[in-house]
Amino acid sequence: MGKYNHKRIEQRWQSYWIEKNTYKPETNTEKKKFYVLEMFPYPSGQIHMGHLRNYTIGDVTSRFYKVKGYNVMHPMGWDSFGMPAENAAIENNVSPEAWTEKNIKNMKSQLMKIGLSIDWDREISTCSKNYYKHQQKLFLEFFKNDLVYKKDSFVNWDPVDKTVLANEQVIDGKGWRSGAIVEKKKLSQWFLRISRFSNELLSDLELLESWPDKVKLMQKNWIGISNGAEIKFKLVNSQKSINVFTTRPETLFGASFLALSVEHPISSKFKENKEFIEFRNQCLKMQEVRESSQQKIGYKTGLFVEHPFLMNIKLPVYFCNYVLINYGNGAIFGCPAHDERDYDFAKKYNLKINCIFEKKESDLPYCDMKEEDILTNSNFLNGKRVFEAQKIILEEIMNKKVGVSCSKFRLKDWGVSRQRYWGCPIPIIYREDGKVIALEENQLPVKLPKDPNLNLPGNPLENHKSWKRTKCPKTGLKAIRETDTLDTFFDSSWYFLRFCSPNLTDEPFNLGEVLYWMPVDHYIGGVEHAILHLLYSRFFVRALKLCGYDIPKEPFSKLITQGMVCHETFKTKDNKWIEPEKVFSKNNQFWIKSGDTKIELTRGRSEKMSKSKKNIVDPDRIISEYGADTARLFMISDSPPERDLEWSIDGIKATRKYLDKIYTLLSNNLEFTINYEKRKLSEQDKMVYTFTNKVIEEYSEDIKNYRFNTAVAKLRELSNLLIKTKIEKDMFDFCWSIFLRLIYIIIPHFAQDLATNSGLEGLVEDLDWPVSDKTHVENKKINIVVQINGKKKGVVDVKKDLKKETLMKTILGKESDYDIDETKVKKVIFIPNKIINFVI
RNA sequence: GCGAGCGUGCUGAAAUUGGUAAACAGACAGGACUUAAAAUCCUGCGGGUGGUAACACCCUUGUGGGUUCAAGUCCCACCGCUCGCACCA
């Protein structure tokens, strides 16, 4: 009898697939394409449970559609630029390149052992010059089309990593990687004009029918449209004016001051003013820390502006800390009666508080906007309801040319400059005559130097003795290279296009291939990329379209966001995390041995696996000990993909036990067959046959809808039934063959091996996907629930599609178990083949 | 503060358009086999009342109301948890 030897089996089939190029998609095919993509990994050196889960989900999908007859592309690559390589290089005295390559090699071999149906010939790595050469070309295209520009700006500066961070890399005022408090620093930076597409990126979310609502909502909030008006306030004794943005133009007559950000252009007038400079620095510091106190402070400029409709009213102008430069115009009009922040500010600086809603004087600040609210103290708006007033004033603003109605977005242009070595060089040079020159395509790639000194503070490319010195290729004038490199989110914003023609040397991608394969049909990855990566990618395809590449405008048709892999956590009394593996429990308390003594622990809640909490489990070890198929099956059986998965070694052991049992049962017992010759069946056989066909149907639906956990439950029901029911040999062979074909997409080595050993020639996946035999699935008998007043009283076994009257006769009849007095029945509710309810 | 989602056994979870709550697993307990253990197999496993018993009846999806013949599912209020954004004008 065969014993389940996962090592032998998995090696056998993995090398077979590679040898036969099983997962290379066809070319020039009439078949419908299917592009399955999981978010590519950063090559940290080791795969983690999150990867295992992500790639298992993707692989089940990919194999399912392949067996269903699609031409499937399922590629893999490496998001291989980025800071950890530099940090590791410093620590271990190796080059970032060598470190990265070693990691890729190791992780690739780990991924291979999972048995993924990947076309490895398409493998790409973003740090390879074969990749970033094309990326530099895309940058030049953006440059030509005014989609990239350079500007001085305050940036988020991470003092630990010594780099600039994008807004979304700042979490609670701290660097997303280092955790250091982020500072403001002024630098000249490259920006991508993502804001040019704000409107489109927002409204096209509606096209993404198969994206989770949650992700769409997050993007919507991130883009953050507000509709309102930009209103001009003329400075007294000057021709200049200040534009402010508001979403409540109807409150204009409640305005009592103007508040500006300390970074507002007008502030340049005060750059010699020591008092102001001090105030400004204080504000910037408060904004850095994102103080929760929300204390308001102001600086009186001494300037006044005219009210656009009441020329005789002059409003004082303040700088203040609560107006931000990066929203709207960095300037607002203060309407203290109807805005909490303005109210606090006005109270502090004794400014007028003009209530402009009837009967609201007693509950200021009144910030609601209700249909029934009526304006007062508002000139031509008096007596109008709030929404009507809004329309009127917008018209008046336009008529009087004191402003325009407009929308503002929260989304800012994307700063892509990074002062780091291990990233894609920006193909720009600064000539000695002061000109900024974009390189020509034939000068690409701009390669990174092999010998950076990473131990000095600051930018290694800047510090390099010769790299940045170059000559203008046209004029021969001396020039300095751009020493910033690109944010790695730039790398991952187009890799899905490169996969379509990964080995093309003279173009980033082949348009024909892209038109065939794009968009990605199913894109699978962590929800943590809901905003950053996914929004940038959506922007990229639009930007490329604008540059003349005629590609589909949404990159990912369907998005699956998988949950995290969690594990229990333990802590000592002095807050040290302890590995769960070392913990033992006794009398509902948890302990760890330390020499001869025991230390009591408290159990924390289950949290995402992380090094810092010491609750990680190495998937590679699990795979070698229990097998890839065991790991794969476990990863998808316990929770639906979008939810968090609770790691459990007991779960792994039980899964392995199950596979052992099936393997032992089937080896040397099964004759693999795909046909079943119909004959007269015994009751047992009929029941089993019917159930098997039902499972085919429901399992396929479940897989299609990413209900992998219930799909597995159905397979287990089927195997339980097949094990405990005595059936004929031909039925046994047929049903178990179906079982193997269904489970193949989850545990391919296991199913293939059993099938091959039982007589199948060729691959399981070359058989068509099983189709359920509907004629036999037709159940002739059915259970109907009998209820009295909606409460279940019992179940009756009757013929399918039985009429209401017939059923009632049986139930109310003398022989029936149900003691129902027919005369008292007020109403009978009957749902065919489901339920009959007597209301008494 | 704003927005979204979620609360079901000891645990992970299932439950078509409202129609048999707890499928499928895990943990645990008991039993068989064994000198013993492991492995394997079998049984039980939301709560309560009555009965020697097979069984019968009642309750049960965070809490309280409502709609309905019928509510885990729909509506209202409250409590709790998770996530995203956060001085966004």
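Each chain gets a letter, A, B and so on, in the order the sequences are listed, and its residues count up from 1.
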Between A:H6 and A:Y626 (judged by ring centroids, cut-off 6.0 Å), do the two rings come close enough to count as a pair? no
Paired nucleotide for B:A27 [Watson-Crick or G-U wobble; both distances under 3.5 Å]: none
Parallel, tilted or perpendicular for A:F489 and A:H529, by the 30°/60° rule? perpendicular
Roughly how far, to the nearest 0.5 Å, is NE2 of A:H264 from CZ of A:F319? 8.0 Å
Looking across every strand, which nucleic acid part, if any, lies under 4.0 Å from A:N329 by heavy atom: base, sugar-phosphate, or nothing? nothing
Within the structure shown, what part of the strands sits under 4.0 Å from A:N720 by heavy-atom distance: base, sugar-phosphate, or nothing? sugar-phosphate
With both distances under 3.5 Å as the test, what is the Watson-Crick or G-U wobble partner of B:A38? none
Looking across every strand, which nucleic acid part, if any, lies under 4.0 Å from A:D650 by heavy atom: base, sugar-phosphate, or nothing? sugar-phosphate
Check: B:C87 base within 3.5 Å donor-acceptor of A:K296 side chain: yes
Strictly by Watson-Crick or wobble contacts shorter than 3.5 Å, is anything paired with B:G7, and which nucleotide is it? B:C79
Both A:G330 and A:N221 contact RNA chain B. Which one's nearest nucleotide lies toward the 5' end? A:N221
B:C76 and B:C28, which share atom name C1', separated by this distance in whole Å: 41 Å
Between B:G19, B:A14, B:C81, which nucleotide gets closest to the side-chain atoms of A:T710? B:A14
Where does the angle between the aromatic ring planes of A:F739 and A:Y658 fall among parallel (under 30°), tilted (30 to 60°) and perpendicular (over 60°)? perpendicular
A:I531 CD1 to B:G84 P, in whole Å, measures 9 Å
How is A:V839 classified with respect to the nucleic acid when contacts are heavy atoms under 4.0 Å: base, sugar-phosphate, or nothing? sugar-phosphate
Indicate whether OP1 or OP2 belonging to B:A14 is found under 4.0 Å from a side-chain N or O atom of A:N709. yes
Name the nucleic acid region contacted by A:V323, choosing base, sugar-phosphate or nothing; use a 4.0 angstrom heavy-atom cut-off, strictly under. base
As its Watson-Crick or G-U partner within any shown strand, both distances under 3.5 Å, B:C87 has none
Answer with yes or no whether A:Q787 presents, from its side chain, a donor or acceptor under 3.5 Å of a partner atom in the base of B:G19. yes
